[in-house]
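One structure is given below, encoded as structure tokens.
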Amino acid sequence: MTRSERAASLSFGAEAAAYERGRPSYPPEAIDWLLPTEARDVLDLGAGTGKLTTRLVERGLDVVAVDPIPEMLDVLRRSLPDTPALLGTAEEIPLADNSVDAVLVAQAWHWFNPEQAIPELARVLRPGGRLGLVWNTRDERLGWVRELGRIIGRDGDPVRDRVTLPEPFTGLARHQVEWTNYLTPQALIDLVASRTYCITSPAEVRTKTLEQVRELLATHPALANKEGLALPYVTVCVRATLS
């Protein structure tokens, strides 16, 4: 990871509250597919404010959340005070060897250095453990969502589309889930405000982007005068097993 990429990866702290308010959670079907049925101890790596962590805790799993940004973990700890939340990175995971049955990574794989992260993931996973990667991607087939993408950038991730997991991980598989997230107009603005592009842009660019989103909300026939919005997603999942 370059210095600028590292800075971008740590930039979310400035908008941790907006991230929590605006970012979607993850559909149960995707989590079902990612987790092995016998998993008990699970690491949410790059946990952020705990969007995925919450869904895992609700299943009665023993979850540890790890993230490199203190502000994000502060938000997570407020909502999940009984869940261990540790500062750390994929390259230096603050867990013991052979300590978890599964590691899940939501929206964060592109921030990792695979050459360093893969050995660390193999170290903390038990033999036969599962590595699961997941991304929420806006479904831009709907007119207003496509227009939103024109304003804030298409919701694509080349790393997601071509990710491979080398040995000692085997049995790479992919899966997609289509679902809808329901949110308020303000939550949509928070979603945009929490994107890396918006956080790291000059103030005038950030202001213009958010103004364009507000205009879209006020003028698009599918959005104007609506108190609730339906934002469709395609959740992309990748999993592999530690051999």
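Keep in mind that this is a model prediction, so the values were computed, not measured. In this chain, residues are counted from 1 in sequence order.
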For G149 and R138 the tightest heavy-atom approach is CA-NH2, 3.8 Å
Are V75 and V64 grouped together when hydrophobic residues (ILVMFWY) are joined by side-chain heavy atoms under 4.5 angstrom apart?
-> no
How far apart are the closest heavy atoms of E91 and N113, and which atoms are they?
-> OE2-N, 2.7 Å
Where is the tightest heavy-atom contact between D67 and M72, given as atom of each residue plus distance?
-> OD2-CB, 4.0 Å
Do the non-hydrogen side-chain atoms of R214 and L210 ever get within less than 4.5 Å of each other?
-> yes
Ionic contact status for E178 with R141, cut-off 4.0 Å | yes
For R55 and Y26, which heavy atoms make the closest approach, and how far apart are they?
-> CD-O, 4.0 Å
Does a donor on one side chain sit under 3.5 Å from an acceptor on the other, for H220 and E215?
-> no
Result for side-chain contact (heavy atoms from CB on, under 4.5 Å) between L45 and one of V124, I93, L52, T89 points to I93
OG on S194 to CZ on R23, rounded to 0.5 Å = 3.5 Å
Minimum heavy-atom distance L35-A102, with the two atoms named | CD2-CB, 4.0 Å
Provide the closest heavy-atom pair for P185 versus L229 in the form atom of the first, atom of the second, distance.
-> CA-CD1, 3.9 Å
Which residue, T241, L131, T164, forms the side-chain contact (heavy atoms from CB on, under 4.5 Å) with F169?
-> L131
For residues I118 and P166, determine if any side-chain heavy atom of one lies less than 4.5 Å from a side-chain heavy atom of the other.
-> yes
Should R130 and E38 be marked as a salt bridge (Lys or Arg N to Asp or Glu O under 4.0 Å) after you check the CA-CA gap, both sets of side-chain angles, and the distance that decides it?
-> CA-CA 11 Å; R130 174 78 55 78; E38 68 281 4; over 6 Å; no
Do we see a donor-acceptor contact under 3.5 Å between the side chains of W135 and T235?
-> no
Between CG of N136 and CG of L191, what distance do you get to the nearest 0.5 Å?
-> 10.0 Å
Could you go step by step and tell me if D101 and R40 meet the salt bridge (Lys or Arg N to Asp or Glu O under 4.0 Å) rule?
-> CA-CA 7 Å; D101 302 309; R40 291 302 310 162; over 6 Å; no
